[in-house]
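The next block holds one structure in the form of structure tokens; read it before the comments.
Convention: sequence-line order gives letters A, B, ...; per-chain numbering from 1.
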Amino acid sequence: MRNLLLQGLLKRPLTEAPPSHVDAEIDALGARLADLARRKLGRSISIREVDAGSCNGCELEIHALNNAFYDVERFGLRFVASPRHADLLMVTGPVTHNMREALERTYAATPAPKLVVAIGDCGSNCGVFAGSYACAGPVSSVIPVDLEIPGCPPTPRDMLEGLCRLVEIVSR
Amino acid sequence: MGWLLDTLRNARRIERAKPWPRFEVDADMWSRLAAATGAGDADMLSLWSDGEAVHLAMMNRTAREIAIASFTPVDRRFPSVAAHHAPAQRLERMIHDIYGFAADNSPDERPWLDHGRWGLRWPGGTPEAVPSAWQSYKFLEAGGAPLHQIPVGPVHAGIIEPGHFRFSANGETVVRLEERLGYVHKGVEQLMRRKSIDACVAIAGRISGDSTVAYALAFALAVEAAIGVEAPKRAQALRGIMGELERLANHFGDVGAICNDASFSLIQAHCHILRERVLRASQACFGHRLMMDRIRPGGVAADMAADGEAILTALVGEIRPAFDHIRTVYDSVNSLQDRRVRTGLLSRNLAEQFACGGYVGRASGRAFDARQWPGYAPYDRSLKPVGRTAGDVDARVWVRMDEILASMAMIERLVADLPSGEIRHEIAVAVDCEGSALVESFRGDVFARVRLAADGNVTHAHLRDPSWFQWPLLEAAIEGNIVADFPLCNKSFNCSYSGHDL
């Protein structure tokens with residue numbers, strides 16, 4: 001235990017000592033996002049994630065945004081537990097009929113600016129689940145969507161890039 | 001021959017079913033098999049329908065035999081298996097919702113996946129349009145004056161899948177938990193009908209995204225069994241490497257998340273670094289972080305990167321010492337021990353009754369691992385399932401930590417002995433055929449049964465997630481625990497919503 005804590009103090013953190021080119025890019029992306037968010041929202045961005053029918057693949061990669069390599073909280077991106085605390089909804093999955101109402105209610109409970117990002121191929125076009133009796137459709141067929149981030153699943157970097165673009169669009 | 005094949009010796013055998021025999025049975029035999037399974041003589045591997053018949057797959061571990069019994073419903077009814085064997089309840093409710101076959105004397109006739117929202121009923125049978133409407137759902141009762149109910153979900157506070165939990169609590173203590181699932185039902189069995197094998201393996205790999213390798217492998221092995229081909233040796237080894245990488249990534253992620261739910265986030269921070277390292281190595285070796293669409297019937301879609309051996313050797317070299325550290329910390333922190341030991345107890349009896357697979361079963365003394373038996377390449381039968389007997393959150397974490405060590409060693413061995421040669425055989429279907437497979441995902445055994453038509457398309461595919469036999473046990477394990485320990489218990493099971501909801 002002591003060793004692990006000491007190691008945390010003595011070793012350089014993964015996030016600030018980018019071991020590769022990729023991580024330096026993430027830093028730059030994140031810093032830009034933080035700056036944009038502050039200018040537009042006057043604060044950082046609170047995100048509520050809603051799984052509206054996903055296979056759980058997108059959720060795994062959204063989780064990765066919080067690990068030490070990406071650590072999006074340092075850019076002011078924070079995942080919150082309630083839509084009432086959120087500026088932005090990240091919605092995954094083809095929206096299933098069984099989740100449709102829950103998604104609509106979550107959207108209704110979100111205060112302005114109510115930004116919505118549809119994550120993954122399923123979020124934008126139902127992916128391999130297109131045409132099923134059980135799917136209501138892509139996220140945009142149920143609630144207004146500001147940006148779609150494709151991928152199956154999109155990588156954490158894809159998502160950071162997408163969020164950056166979104167804030168840029170909104171800032172215009 | 002054990003009792004199972006002996007009982008079925010006079011039943012009509014369907015010759016095309018591979019590798020495990022399938023028999024057409026009458027109502028009497030069906031009920032006899034259900035009763036024997038209920039008495040513990042066999043494990044139920046799955047119970048499903050394809051719109052024509054209902055099928056019951058059973059495994060007798062004592063005599064090492066597996067058989068499938070099929071019954072053609074009469075007037076859309078079949079004798080209930082659940083009347084003899086409780087683990088069949090939700091599967092029977094699913095069969096009714098999707099295919100319209102009702103179980104006679106079923107102990108629970110409430111709908112399961114059908115929430116009244118599809119605009120039709122019996123999508124897999126003869127679909128009938130019905131207006132989509134809110135349907136009330138009668139939760140089981142819990143009586144007594146001081147009880148209160150806590151409804152949770154379907155949208156949860158964390159970044160997790162949706163489902164509804166209804167707690168009846170007495171103060172802080174959970175008296176009853178009842179799950180209501182089906183929110184992420186995507187209709188996968190109907191989506192796979194009359195589609196090409198390639199289209200279906202892509203869908204199979206997205207039934208539960210965290211187990212995409214295991215699902216694609218289960219589907220591929222079932223197709224290969226049906227046709228009678230085997231993947232080349234190199235492909236088998238690559239599949240093994242991918243399967244173990246998937247196991248590592250999920251175990252790291254969940255060990256961290258469980259500790260986080262016990263308010264010890266330090267381990268989570270470190271575990272998630274290890275998970276990310278595994279995902280990056282997977283990307284570098286196989287071109288996808290979760291390794292989706294890498295496994296195809298006949299072999300693998302693409303070979304490992306040229307520097308794959310070096311990447312994987314470096315990966316294990318890096319994560320092994322880091323993980324040793326984490327194990328030591330996990331074992332030595334009192335506050336963590338206080339939360340995890342004797343929390344969420346699952347008895348061996350229940351684990352055996354439900355044929356509960358994976359770390360949940362193995363932590364309660366059910367020593368079963370599909371990699372060992374029935375077994376599949378590249379695993380050898382000398383593999384010993386790691387096991388514990390305490391049945392609590394702690395035991396489930398220890399099983400996973402032991403499996404992390406085992407998986408790292410397996411990856412090293414597979415990389416060292418990687419055969420050269422082809423990575424894929426062509427798949428050609430000429431006749432109506434069917435195959436089954438059992439694959440050990442990180443979560444437990446995935447059962448797959450695929451029927452192919454002579455034109456090469458899939459007639460019907462059924463993939464049974466391990467969660468079908470774990471979700472009901474979470475309800476049992478949480479009883480008597482405090483509400484605040486639910487996230488901890490839930491995470492220690494980590495059942496799949498999407499895999500279960502189909």
I need the contact set between [range] and chain A: heavy-atom distance under 4.5 Å, sorted by residue number.
{"range": "residues 259-267 of chain B", "answer": "B:F264, B:L266"}
{"range": "residues 152-161 of chain B", "answer": "B:P154, B:V155, B:H156, B:A157, B:G158, B:I159, B:I160, B:E161"}
{"range": "residues 495-502 of chain B", "answer": "B:S498"}

[X] versus chain B, heavy atoms under 4.5 Å apart: side chain, backbone, both or neither?
{"X": "A:R48", "result": "side chain"}
{"X": "A:P83", "result": "neither"}
{"X": "A:A136", "result": "neither"}
{"X": "A:C58", "result": "neither"}
{"X": "A:S82", "result": "neither"}
{"X": "A:V80", "result": "backbone"}
{"X": "A:F129", "result": "both"}

Could you check whether any side-chain heavy atom of A:V91 comes within less than 4.5 Å of a side-chain heavy atom of A:L103, counting everything from C-beta outward?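 A:V91 vs A:L103: side chains touch.
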Does a side-chain heavy-atom distance below 4.5 Å link B:F252 with B:E276?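 Sidechains of B:E276 and B:F252: no contact.
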CZ of A:R78: more than 12 outside heavy atoms within 6.0 angstrom?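 No, the 6.0 Å shell around CZ holds no more than 12 heavy atoms from other groups.
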So what's closer than 4.5 Å to chain A heavy atoms on [X]: side chain, backbone, both or neither?
{"X": "B:I326", "result": "neither"}
{"X": "B:I203", "result": "both"}
{"X": "B:R289", "result": "side chain"}

If you count heavy-atom pairs within less than 4.5 Å of chain B, which of [options] leads?
{"options": "A:C55, A:A81, A:A134", "value": "A:C55"}
{"options": "A:G57, A:C126, A:G53, A:P156", "value": "A:G53"}
{"options": "A:M90, A:E61, A:E101", "value": "A:E61"}

Assess, by modelled atom type and distance only, whether the side chains of [X] and [Y] contain a donor and an acceptor separated by less than 3.5 Å.
{"X": "B:H325", "Y": "B:R327", "answer": "no"}
{"X": "B:D254", "Y": "B:N494", "answer": "yes"}
{"X": "B:D465", "Y": "B:S467", "answer": "yes"}
{"X": "B:E246", "Y": "B:T212", "answer": "no"}
{"X": "B:R193", "Y": "B:Q190", "answer": "yes"}

Looking at B:Y137, I'd like to know if the NZ or CZ of B:R180 sits under 6.0 Å from its six-membered ring centre while staying within 45 degrees of the ring's axis.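 Flagged: B:R180 positioned over aromatic ring of B:Y137.
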For each of B:R275, B:Q268, B:K186, tally heavy-atom pairs with chain A at distances under 4.5 Å, and name the one with the top tally.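 Heavy-atom pair counts peak at B:K186.
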Mind telling me whether B:W471 and B:F165 have parallel, tilted or perpendicular rings, with 30° and 60° as the class edges?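 Rings of B:F165 and B:W471: tilted, 30 to 60°.
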Please determine whether a side-chain nitrogen of the Lys or Arg among B:D210 and B:R443 lies less than 4.0 Å from a carboxylate oxygen of the Asp or Glu.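 A salt bridge is present here (some side-chain N lies under 4.0 Å from a carboxylate O).
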Any salt bridge between A:R100 and A:E104, counting N to O under 4.0 Å?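 Counted as a salt bridge, because a side-chain N and a carboxylate O are separated by less than 4.0 Å.
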Which heavy atom in B:D97 sits nearest to a heavy atom in B:P123, and how many Å separate them?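 Shortest heavy-atom contact: O-CD, 3.5 Å.
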Please name the pair of heavy atoms, one in B:Y183 and one in B:G163, separated by the smallest distance, quoted to 0.1 Å.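 Closest pair (atom of B:Y183, atom of B:G163, distance): CD1-CA, 3.8 Å.
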Quickly, which of B:I197, B:V201, B:L463 forms a side-chain contact (heavy atoms from CB on, under 4.5 Å) with B:M192? Name it, please.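 The single option meeting the side-chain contact (heavy atoms from CB on, under 4.5 Å) with B:M192 is B:L463.
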Tell me, please, which residues at least two apart from A:Y133 pass ring pair (Phe, Tyr, Trp, His ring centres under 6.0 Å).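 A:Y133 satisfies ring pair (Phe, Tyr, Trp, His ring centres under 6.0 Å) with B:W118, B:H185 only.
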